[in-house]
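Below is one structure, written out as structure tokens; the observations come after it.
The figures here come from the full heavy-atom set of this structure, side chains too, leaving out hydrogens, waters and symmetry mates. Because the structure is predicted, anything quoted here is derived from the model rather than measured.
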Amino acid sequence: AANGGTTAVAGSSAAAGSTAAAGSSAATGGAGGAVSAAAGSSGSASGAAGATSAGGFIREDAPTQESAKAAGKFKVEKYTNGFPVMGYGAGTIYWPSDAEAPFASVAVVPGFTAYQSSIQGWGPFLASHGIVTMTIDTITTSDPPAQRADELMAALKALSGENAREGSPLKGKLDTSRQCVSGWSMGGGGTLIAASKNPTLKCGVSFAAWSPTGGAQNKVPVLMFEGTNDVLAAGMSEGYYSQTPDSTPKMLFEVNGAPHEVANNPRNSSGVIGLYGLSWFKVYLEGDERYKQFLLLPKPSITAKYMTNVK
């Protein structure tokens with residue numbers, strides 16, 4: 001909507017699993033399949049943000065595995081204009097219009113040759129649980145991982161600006177100290193590079209990261225999804241995991257039989273991707289320790305490699 005006006009996002013759950021990528025190259029991060037947009041339910045916002053003793057945000061009722069897999073209770077709106085587009089290609093901001101501020105925020109970037117439609121399902125899913133999410137396009141679809149890291153940080157800068165911009169639906173509603181990065185393929189590599197270079201970030205979540213670097217310098221909690229049937233990036237996150245200091249919370253979650261699009265949508269793997277992804281954001285971005293129980297479950301049956309130091 002022009003001039004920063006918002007549009008309600010239809011539907012009540014994140015889109016079904018993402019489609020297969022087309023035209024991927026073995027030397028790159030792979031193109032993304034389109035994923036439909038979706039939204040949170042429009043139920044009452046009784047789960048307002050209340051401060052915990054540690055300063056975290058508590059929203060919604062006590063979570064269960066099923067509630068963490070599904071869309072949240074908040075109404076989701078989105079907008080694509082009004083904010084500056086500098087240092088990245090384009091963006092869509094999803095926000096929970098009937099939840100109580102302040103909000104934490106996440107930027108999500110796609111992979112090689114792909115557009116934000118390939119990771120779009122995360123926008124309305126996270127927003128329906130109270131987390132403002134910006135999905136972005138890159139300046140060119142061939143931008144390398146290091147540039148995608150910069151584009152993620154540029155998107156977060158634009159999001160921070162929404163907290164002060166006149167006419168912004170998010171004016172005065174963002175906690176700009178609570179930000180995370182996420183991305184797929186080359187964007188996943190960019191996510192982990194951004195985490196290693198920006199220790200003020202609260203967390204990072206990568207989807208089949210291609211050519212990540214900087215693990216030894218990383219101080220940001222990182223969750224890394226991989227798939228055993230990924231012909232482009234299988235195993236590429238393992239070095240980053242091993243190099244990341246044990247003092248930093250980390251998890252490597254490799255899904256048995258999953259392709260390169262292993263985590264492009266939170267509904268993948270019957271919602272288990274959303275369960276772990278949301279829980280990571282809730283614990284390390286919002287500071288909601290109620291979700292930590294899901295990160296401490298026994299090794300999931302869908303995983304091949306599963307490594308974590310979360311306790």
Side-chain angles (χ1 to χ4, degrees), residues 13-38 69 108-126 135-138 141-145 148 181-193 204-212 222-241 250-281 299-308:
S13 63
S18 58
T19 60
S24 299
S25 166
T28 61
V35 181
S36 300
K69 292 177 181 178
V108 191
V109 65
F112 179 77
T113 76
Y115 295 91
Q116 60 181 295
S117 59
S118 62
I119 41 81
Q120 189 173 348
W122 284 96
F125 175 74
L126 292 176
T135 59
I136 67 170
D137 289 325
T138 47
T141 58
S142 59
D143 292 349
R148 290 170 196 263
V181 289
S182 186
W184 172 48
S185 194
M186 280 193 176
T191 294
L192 298 179
I193 292 170
V205 177
S206 65
F207 320 144
W210 191 86
S211 196
V222 285
L223 166 61
M224 294 160 276
F225 288 110
E226 289 192 323
T228 60
N229 284 5
D230 182 352
V231 299
L232 300 171
M236 282 194 176
S237 297
E238 292 176 27
Y240 192 97
Y241 178 91
K250 55 184 178 177
M251 178 180 289
L252 180 71
F253 193 109
E254 184 185 53
V255 180
N256 192 35
H260 194 47
E261 302 78 18
V262 54
N264 284 31
N265 194 289
R267 301 290 290 179
N268 287 1
S269 297
S270 300
V272 175
I273 297 300
L275 169 66
Y276 278 80
L278 176 66
S279 297
W280 201 265
F281 288 122
K299 179 180 181 294
S301 61
I302 66 169
T303 59
K305 291 187 182 72
Y306 178 74
M307 297 184 284
T308 185

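- S301 OG to N256 CG: the interatomic distance, rounded to the nearest 0.5 Å, is 10.0 Å.
- At a threshold of 4.0 Å, the pair K305-E238 counts as salt-bridged, since one of the basic side-chain nitrogens sits closer than that to a carboxylate oxygen.
- Summarising the geometry, atom OH belonging to Y276 is positioned 8.0 Å from atom CD1 belonging to I302; distances are rounded to the nearest 0.5 Å.
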Worked check of side chain to side chain contact (heavy atoms under 4.5 Å, CB included) between E261 and W184: CA-CA 8 Å; E261 302 78 18; W184 172 48; 4.0 Å; yes
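- With values rounded to the nearest 0.5 angstrom, Q120 atom CD is found 10.0 Å from N265 atom CG.
- Nearest heavy-atom pair, N264 versus S118, reported as atom, atom and distance to 0.1 Å: ND2-O, 3.3 Å.
- Ring centroid separation for the pair W122 and F207 comes in under the 6.0 Å cut-off.
- Annotation for A209 and P212: closest pair O-CD, 4.0 Å, computed over non-hydrogen atoms.
- Note that CE of M186 and CG of D143 are 9.5 Å apart. Values are rounded to the nearest 0.5 Å.
- Heavy-atom minimum distance, L252 versus S237: CD1-CB, 3.8 Å.
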CA sep, side-chain torsions, deciding dist, call: S206, Y240, side chain to side chain contact (heavy atoms under 4.5 Å, CB included): CA-CA 11 Å; S206 65; Y240 192 97; over 6 Å; no
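- A208 and A233 get closest at one heavy-atom pair: O-CB, 3.7 Å.
- Between atom CE of residue M224 and atom CE of residue M236 there is a gap of 14.5 Å, rounded to the nearest 0.5 Å.
- Residues V255 and N268 are not in side-chain contact: their nearest non-hydrogen atoms beyond the backbone lie 4.5 Å or more apart.
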Audit row: I136, Q116, side chain to side chain contact (heavy atoms under 4.5 Å, CB included) steps and yes/no: CA-CA 5 Å; I136 67 170; Q116 60 181 295; 5.8 Å; no
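- Rounding to the nearest 0.5 Å gives a distance of 5.0 Å between OH of Y241 and OG1 of T308.
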Verdict with reasoning, T228 to E254, per side chain to side chain contact (heavy atoms under 4.5 Å, CB included): CA-CA 7 Å; T228 60; E254 184 185 53; 3.5 Å; yes
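- In this structure, G227 and A234 approach most closely via the heavy-atom pair O-CB, 3.8 Å.
- S182 places no side-chain N or O within donor-acceptor distance of the main-chain N or O of V108, the cut-off being under 3.5 Å.
- The shortest heavy-atom contact between F125 and K69 is CE1-O, 3.7 Å.
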